[in-house]
Amino acid sequence: MSEFAATESAYMARALQLAARGLYTAHPNPMVGCVLVRGGDIVGEGWHKVSGEAHAEINALNSAGDKAAGATAYVTLEPCSHQGKTPPCAPALIEAGVAEVVIAMQDPFSRVRGNGRAALEAAGIVVRTGLMANSAAKLNAGFLSRVQRGWPYVRLKVGASLDGAIAMASGESQWITGPEARADVQRLRARSGAILTGIGTVLADDPALNVRHEDLDTAGRQPLRAILDSGLRMPLTSGMLARPGKTVVYCIDDAGRQPLIDAGADVVKVKADNAHVDVAAVLADLAAREINDVLVEAGPTVSGYLLSRKLVDELVIYQAPHIMGSETMSMFRTPEWTALSNRLSVEIADLRRVGQDIRITVRVAN
């Protein structure tokens, strides 16, 4: 028999719904929601809106006022007990006089893990954990990846025709997908801490790799732009260098780094993998920069490399309703895959229409 009443799932579901409001702004912090319930009524709600500002529990307590005393708090992640950019939440819940705290999942961050719960219980507050834990973990997959694995959650985006082509053999590719799909990509960018691409894409397209959708409130934050550029061929005239946000160029030979630095880029030398940038080292560096989620928007060589090295957690494929024929570029270049046994196991997690295109979300079994 579950220790949670059926009605409690509704309260935690509401807390998760609130937490998701921080999708574009909470980074690099986790998305957290909190609902305060007393006598069967919701008396306070809050979520973590922007990194550096009040956490979900504080906002919920402020919303509830005196009604927080004797209430049960439903929180999607273990309340913190340490002083960070903002005061800790566990002591605030204690001071407000809440009677019970229901936590979806423990925070794996070393300064919080178990300490928040211990502080609450030491104050005589009943604490229960595990309600809708899977949903809470899914919501913060990027944060959990960075903290537990040491590298960000990697999401690879591809736009292709029905027959799997991303461009004509000449390189012509604008536009394969429709405006609705392109707007949806802006949402993927807005939720990401970094956008990663290869120097080939930079040289061919001079991409902006920024969020430019007026309806998306990112609190002024632009994703970091990560460029794989083994030999530092990044043009000093690249448009992204003049745009808001940081550009980091990863190389294996940094002899010509100073002009790029003078142009506003960070240049990071990493180890080589078959004479190319070792992307695993890049991901480790991005995690050290507190990047939770990386969106890859690259050509078939980089995309294929990432799949081959099992560095992709999720694929988002926008498939347009047209046939481009045989004289085209495929989604992934994987020359070492020569037999059926090389196939990569995936799971279709979501399938929906976006305008005239189909968006397929695929989880990769790494």
Side-chain angles (χ1 to χ4, degrees), residues 8 11-12 14-23 25-38 42-133 136-137 139-148 193 219 221 287-292:
E8 293 188 293
Y11 299 137
M12 188 61 79
R14 175 58 180 167
L16 288 164
Q17 185 182 50
L18 291 168
R21 294 184 182 182
L23 182 65
T25 55
H27 183 91
N29 291 349
M31 291 171 275
V32 182
C34 178
V35 171
L36 293 170
V37 178
R38 192 172 77 173
I42 293 177
V43 296
E45 293 185 336
W47 70 95
H48 183 43
K49 299 176 182 179
V50 179
S51 176
E53 296 185 3
H55 288 186
E57 298 92 326
I58 305 302
N59 287 327
L61 290 171
N62 290 338
S63 170
D66 293 341
K67 294 179 181 178
T72 297
Y74 294 86
V75 191
T76 59
L77 192 67
E78 179 182 6
C80 61
S81 57
H82 68 287
Q83 175 71 46
K85 294 180 180 179
T86 59
C89 297
L93 291 167
I94 295 168
E95 184 177 351
V98 299
E100 187 173 7
V101 178
V102 178
I103 302 168
M105 65 173 294
Q106 184 183 72
D107 191 333
F109 182 52
S110 59
R111 296 186 69 184
V112 180
R113 187 174 57 231
N115 295 328
R117 175 172 187 156
L120 294 169
E121 290 179 330
I125 295 174
V126 175
V127 180
R128 292 178 291 146
T129 304
L131 178 61
M132 302 185 72
L139 180 67
N140 281 306
F143 173 76
L144 297 179
S145 177
R146 173 170 67 85
V147 173
Q148 295 177 317
R221 182 185 66 84
R289 295 171 184 264
E290 295 190 316
I291 299 298
N292 295 333

Any donor and acceptor pair, going by atom type alone, linking the side chain of [X] with main-chain N or O of [Y] inside 3.5 Å?
X	Y	answer
Asn140	Met31	yes
His48	Gly33	no
Thr76	Ala136	no
Arg14	Val35	no

| message | Is it the case that over 12 heavy atoms from other parts of the model lie below 6.0 angstrom from the CD atom of Glu95? | response | no
How about [X] and [Y]: do any of their side-chain heavy atoms sit closer than 4.5 Å?
X	Y	result
Tyr11	Ile42	yes
Glu290	Arg146	yes
Ile58	Cys89	yes

For the student: nearest non-hydrogen atoms of [X] and [Y], plus distance:
X	Y	answer
Asn59	Gly46	CB-CA, 3.9 Å
Val32	Ala19	C-CB, 3.4 Å
Leu18	Cys34	CD1-O, 3.8 Å
Ala68	Leu61	CB-CD2, 3.8 Å
Ser51	Ala26	CB-O, 3.6 Å
Pro79	Ala90	CB-N, 4.1 Å

| field | Qualifying salt bridge (charged side-chain N to carboxylate O under 4.0 Å, His left out) pairs, either residue in residues 62-77, two or more places apart | value | none
What distance separates [X] [atom1] from [Y] [atom2], expressed to the nearest 0.5 Å?
X	Y	atom1	atom2	answer
Thr129	Arg117	OG1	CZ	4.0 Å
Glu78	Glu57	CD	CD	10.0 Å
Leu139	Leu77	CG	CG	9.5 Å

| Counterpart residues, salt bridge (charged side-chain N to carboxylate O under 4.0 Å, His left out), relative to Arg221 (two or more places apart) | none
Contacts under 3.5 angstrom, residues 97-108 side chains, donor-acceptor by atom type, not counting sequence neighbours:
from   : atom 1 : to     : atom 2 : distance (Å)
Glu100 : OE2    : Arg128 : NE     : 2.6
Glu100 : OE2    : Arg128 : NH2    : 2.9
Asp107 : OD1    : Phe109 : N      : 2.9

